[in-house]
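Some notes on the structure that comes next.
Quick note: numbers below take in every heavy atom, side chains included, and nothing from hydrogens, waters or symmetry partners. Chain identifiers are assigned alphabetically (A, B, ...) following the order of the sequence lines, protein sequences preceding nucleic acid strands; residue numbering begins at 1 within each chain.
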Number of protein chains: 2
Amino acid sequence: MPARTGRPPKISRADIVSAAHRIIEAEGTEGLTMRRLAREVGTTPMALYHHVHDKEELLLLLLDDYAAEMPRPELPDESAERMAAAAVALHDALAGRPWIVDVLRADDLLSVNALWYPETIIDAAVRAGLTLERAVDAYRIIWHYTAGEITARAAARRRREEGGPTYRRRVFAELDAEALPRLAAVGDRWEELTARDTYGEGLRALVVGLLANRFAMGGPSMKRSGSDDDPMD
Amino acid sequence: MPARTGRPPKISRADIVSAAHRIIEAEGTEGLTMRRLAREVGTTPMALYHHVHDKEELLLLLLDDYAAEMPRPELPDESAERMAAAAVALHDALAGRPWIVDVLRADDLLSVNALWYPETIIDAAVRAGLTLERAVDAYRIIWHYTAGEITARAAARRRREEGGPTYRRRVFAELDAEALPRLAAVGDRWEELTARDTYGEGLRALVVGLLANRFAMGGPSMKRSGSDDDPMD
DNA sequence: GCTACTTTCTATACGCGTATAGAAACTCGC
DNA sequence: GCGAGTTTCTATACGCGTATAGAAAGTAGC
């Protein structure tokens, strides 16, 4: 029954997504606007909104398309290494696409086609001896770190491209060496030190710590200092 | 020589920042637009741009103001606990303010008045035995995790407020239980499990891992300690 | 063929951040 | 007192994402 009711569509979701791909490829993230996209597809901007809820959903579709082709590398057998390797693969796949950043806030599950990554990480964590619940926690923690690193990376790149290194200079120039001796000791080298890629190092530390499991949830040690009230609700 | 040349200003940066504070207090983040702010200050939108480079700088000023009053809690003496306590204080101070998210991508130093946090964390890391360079790396890694967690938290809150829980439902409904057994096992409980606050847990894992320092930079891999699943000794 | 109904697409408009051009209001050198 | 220079403020406009209203183009029942 291919006979559907209503005005027949001139464009499809797939048309939109592939046009978006083309634009991003040719003109980068900034070139992808709903108006520009409409022109590319050959329709009006608002027509897009009948196929896509908003721009964020469009980016999610783009991610999903892209995720289908992301590398699923051979993984080591040992659990900790396996977790780290899967996370690195996820990180590397995402870090290369600047527009990803706009979608990172969307969800911790990313897209359907990217579910292989959480699955693999959670599975490795369970194999390493965590309960399923704690494995999920571990995945989310790794994800927060990963998303944060990618965001910072993108911001640093943007800063580099825009050229204005003034702010950090000013900070270190005005810095009170008595109150902040460590930062003063770093001084001009901040720029250089923070340019290094520390994702892998942090990830390994995280995996080690998560599996070491020194501080079980609700455990007594390393209690939070300061007031007890949680400012989020 | 208080007699400066040029047309005398009607408004100051301080006026702008305090008006912005007022608006955010009264109407939340969404209420803070450059046009609304201009109305509050009693001027035109473009006049603001002579005192503030762009909206992001305004938010940074707001953060700096706010940072001056952030809690600097009494810290434990032991280094690892000290690092964690400072990071938790930073996290809690930032997590309460939704608009912070827009500024998180700005810089890893945040604002001048917030430098106490990196200083404290780096200092504790050095005391724990890291070199200054590695202590800076540790701080940045902690910062990436913290920023990522806060962003995800804000996104989750937004999702909660907007009410649409459809996406995750759909994901788990369509989920291929053979290809993704762990996620399938979690199933409906994903929502519940990911609502938990795991910042502290992750942070402690990170600190443990960073100080355990098993995998020095440039080291060969995570192999090293045999093929044991218990990475702590 | 007409009417009702459904789906898709178009036109218009709003508020956003901010670029650009130039007017306004002051000091200074003469 | 008057032009030159400097700083600040105003007017206008652009492109953005997208809300809203309604026109267009089909099918289904009569």
Side-chain angles (χ1 to χ4, degrees), chain A residues 1-17 19-20 23-24 26-62 98-99 101-103 105-106 155 158 162-164, chain B residues 1-17 19-20 23-24 26-62 98-99 101-103 105-106 155 158 162-164:
Chain A
M1 67 210 64
R4 300 229 301 95
T5 173
R7 177 175 178 169
K10 294 168 54 176
I11 61 175
S12 68
R13 248 165 114 109
D15 292 340
I16 292 174
V17 172
I23 292 176
I24 277 202
E27 310 172 26
T29 311
E30 298 141 25
L32 184 63
T33 73
M34 297 304 276
R35 289 169 154 90
R36 171 79 186 76
L37 181 55
R39 235 182 301 131
E40 183 80 15
V41 178
T43 182
T44 58
M46 290 313 295
L48 302 175
Y49 286 85
H50 269 263
H51 303 267
V52 146
H53 181 249
D54 55 17
K55 191 178 180 181
E56 187 173 312
E57 181 179 321
L58 170 66
L59 293 178
L60 224 64
L61 291 173
L62 228 47
W99 53 270
V101 178
D102 295 322
V103 132
R105 29 182 79 198
R158 204 193 50 183
E162 288 176 1
Chain B
M1 62 186 61
R4 301 230 300 94
T5 173
R7 178 175 178 169
K10 295 169 56 177
I11 62 174
S12 68
R13 249 165 114 109
D15 293 339
I16 293 174
V17 172
I23 293 175
I24 278 202
E27 308 171 27
T29 310
E30 297 142 27
L32 184 62
T33 73
M34 298 304 274
R35 288 168 153 91
R36 170 82 186 76
L37 181 55
R39 234 183 302 128
E40 182 80 14
V41 177
T43 182
T44 58
M46 290 312 294
L48 302 176
Y49 286 84
H50 269 263
H51 303 268
V52 147
H53 181 248
D54 56 16
K55 192 177 181 183
E56 188 173 312
E57 181 179 322
L58 171 67
L59 293 177
L60 223 63
L61 290 173
L62 229 48
W99 53 271
V101 179
D102 295 322
V103 133
R105 29 181 82 196
R158 204 193 51 183
E162 286 175 4

Shortest non-hydrogen separation from [X] to [Y] and the atoms involved:
X	Y	value
A:I16	A:V41	CA-CG2, 4.2 Å
B:G31	B:I23	O-CG2, 3.6 Å
A:L61	A:R13	CD2-NH2, 3.3 Å
A:A20	A:L62	CB-CD1, 3.8 Å
A:A47	A:I11	O-CD1, 4.4 Å

Grab the [atom1]-[atom2] distance between [X] and [N] for me, whole Å please.
X	N	atom1	atom2	result
B:H53	C:dG17	NE2	C1'	12 Å
A:Y49	C:dC14	OH	P	18 Å
B:R39	D:dT10	CZ	P	15 Å
A:D54	D:dG17	CG	P	11 Å
B:I16	C:dT18	CD1	P	13 Å
A:D102	D:dG17	CG	P	11 Å
A:K55	C:dC16	NZ	P	19 Å
B:L48	C:dC16	CG	P	13 Å

For [X] and [N], is the shortest distance between a side-chain N/O and OP1 or OP2 below 4.0 Å?
X	N	result
A:H51	C:dC9	yes
B:T44	D:dT10	yes
B:K10	D:dT10	yes

Q) Taking the side chain from A:K55 and the backbone from A:L32, do they hold a donor-acceptor pair closer than 3.5 Å? A) yes
(Q) If we ignore hydrogens and angles and just use 3.5 Å, is the side chain of A:R35 paired with the main-chain N or O of A:P45 as donor and acceptor? (A)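 Pair absent, no side-chain N/O of A:R35 close to backbone of A:P45.
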Which nucleotide sits closest to the side chain of [X]: [options]?
X	options	value
B:H50	D:dA19, D:dT8, C:dG17	D:dT8
B:P8	C:dA25, C:dC9, C:dG17	C:dA25
A:M46	D:dT18, C:dT20, C:dC9	D:dT18
A:P45	D:dT18, D:dC9, D:dA25	D:dT18
B:R7	C:dG17, D:dC16, C:dA24	C:dA24
B:P9	D:dT18, C:dT8, D:dC9	D:dC9
A:A47	D:dT18, C:dG17, C:dT10	C:dT10
A:T5	C:dT6, C:dC16, C:dT10	C:dT6

Q. Mind checking what makes salt bridge (Lys or Arg N to Asp or Glu O under 4.0 Å) contact with A:R36, not counting sequence neighbours?
A.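 For A:R36 the salt bridge (Lys or Arg N to Asp or Glu O under 4.0 Å) partners, ignoring immediate neighbours, are A:E27, A:E40.
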(Q) By nearest heavy atom, map A:S12 and B:R35 onto DNA chain C; which one lands nearer the 5' end? (A)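 Its nucleotide being nearer the 5' end, the pick is A:S12.
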Q) Does B:G6 or B:G42 map to a spot on DNA chain D nearer the 5' end, using the closest nucleotide for each? A) B:G6
Q. Considering the terminal five base pairs at each end of the helix from C:dG1-D:dC30 to C:dC30-D:dG1, what angle separates the two local helix axes, rounded to 10°?
A.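 Axis-to-axis angle, ends of the helix: 30°.
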